[in-house]
Amino acid sequence: MMNIAVAQSGGPTCAINASLVGVFKEALKFSEIDAIFGSINGIEGIIENHLVDLKTTILSNNDMELLRQTPSTVLGSCRYKLPDWNEDVETYKKIVNTLKQRNIGAFFYIGGNDSMDTVNKLSEYFANTGLDIKVIGIPKTIDNDLCITDHTPGFGSAAKYVATTMHEITRDSIVYSIPSVTIVEIMGRHAGWLTASSAVLHAMGETAPHLVYVPEVEFSKESFLDDVRQQLSKHKAVIVAVSEGIEVPEGVQSGLVDNFGHKYLSGIGKYLEDVVRSEIGCKVRSIELNVMQRCSSHLGSRTDIDEAEAIGAAGVRTALSGQTGKVMVFRRIEDMPYTVTIEVADASDIANKEKFLPKKYINSAGNNIRDFALSYFLPLIQGDLNLITEQGIPKHFALHESVLK
Ligand code: F6P
């Protein structure tokens, strides 16, 4: 008999808890697995021996369904960069102490490319020190920037939120007879996947977003102003999607970075709003979708949530088959009918690497998304969640505040 542990890391999404449910539900099926521990605040909980027994926390099928629908990370999260073991073996000793003390034979880490660095380092350390503890990565990120996998859990729900919200903004923006520009700032760090996904509205016959700017294309203020003027000559209300990761010579970021050296990105929408106001002079607003795009499960994609659960479950089977240092990935077989398989990749091929929006998805002017690319995005946003509500509000599954740091 062995126990297992699962942790969640990095920026929240709507689907991370569904992957946790996938791990939990699948583990219940195996008689060789006894306790299922949840580590609080990602790997930090393992280092500090701060774990909760999930079997005494998730008590029923109702709890599992509620957790599946709950956005963000029920166990808390971290942006903790695990040092190399030859630089700081003490931290590794603490990790091993917790895992041994709790008789943990497999550890599942739900996270993005930074978290897969932890999967890679831990599995190498365990192999080098002769410890039989399996480490498996379960992908997630709204940025959709993990290599090898066709897409990442969390992205589909974020894309559905972004497109739906932009659709609603479009309705609002066209009510007046005066010309206007609305700039919507979208997350995604250095990758334009989520910003590009807003173009799915074109598949419904909408002309918005009229302009789409992604970090994969060098940004020019002059070209942007030309683009906006041209669109204003055709449309009364111009809707612009802009990625938070666009760089401008003036620099709009605070300069603050996280433990991985990633800048906290925010403010490009406001900057472009000021540019339009001063150079064009029409009515202009900017909207930063901010954290709503990664935690709005009321617009969650059923496809995304189902896949997130399935890939968590597949992670358990992979560990029990004896594999370690692996990340579960999706391989797309077809767009229509949408079919994917779940496969296994080496964590070293995913850790710290980024996958960018293919250049072929971007139009020749570098300011919108080509129609053929929509068949990549559309399957990922299909289906709705049958939300459990209370007082008319979607209900959430949450640990008691005192459990979280
Ligand atoms: O990596 C996911 C992400 O949501 C990015 O899109 C965004 O730039 C970043 O996290 C925000 O970081 P934080 O959660 O620290 O605000």
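One is the number of the first residue; the rest follow in order along the sequence. One-based numbering, in listed order, for ligands and for the atoms of each.
- Here the OG atom belonging to Ser286 is positioned 10.5 Å from the CD1 atom belonging to Ile268, to the nearest 0.5 angstrom.
- Between Phe219 and Tyr213, the angle of the ring planes goes over 60°, which puts this pair in the perpendicular group of the 30/60° scheme.
- Taking a cut-off of under 4.0 Å to the non-hydrogen atoms of Met187, the atoms of ligand 1 that pass are 4 (O), 6 (O).
- Taking atom 6 (O) of ligand 1 as the reference point, the nearest protein heavy-atom neighbour is Asp143 OD1, 2.6 Å.
- Side chains of Gln8 and Asn17: a donor on one and an acceptor on the other come within 3.5 Å.
- Using a 4.0 Å cut-off between a side-chain N of Lys or Arg and a carboxylate O of Asp or Glu, Arg171 and Glu206 qualify as a salt bridge.
- Under a 4.0 Å heavy-atom criterion, Gly188 is in contact with ligand 1.
- Nearest protein heavy-atom neighbour of atom 12 (O) of ligand 1: Arg79 NH2, 3.2 Å.
- Looking only at heavy atoms of the protein, atom 16 (O) of ligand 1 is closest to Arg294 NH2, 3.9 Å.
- Taking the ring centroids of Phe356 and His190, they lie at or beyond the 6.0 Å cut-off.
- At the shortest separation from atom 8 (O) of ligand 1 among protein heavy atoms lies Glu244 OE2, 2.6 Å.
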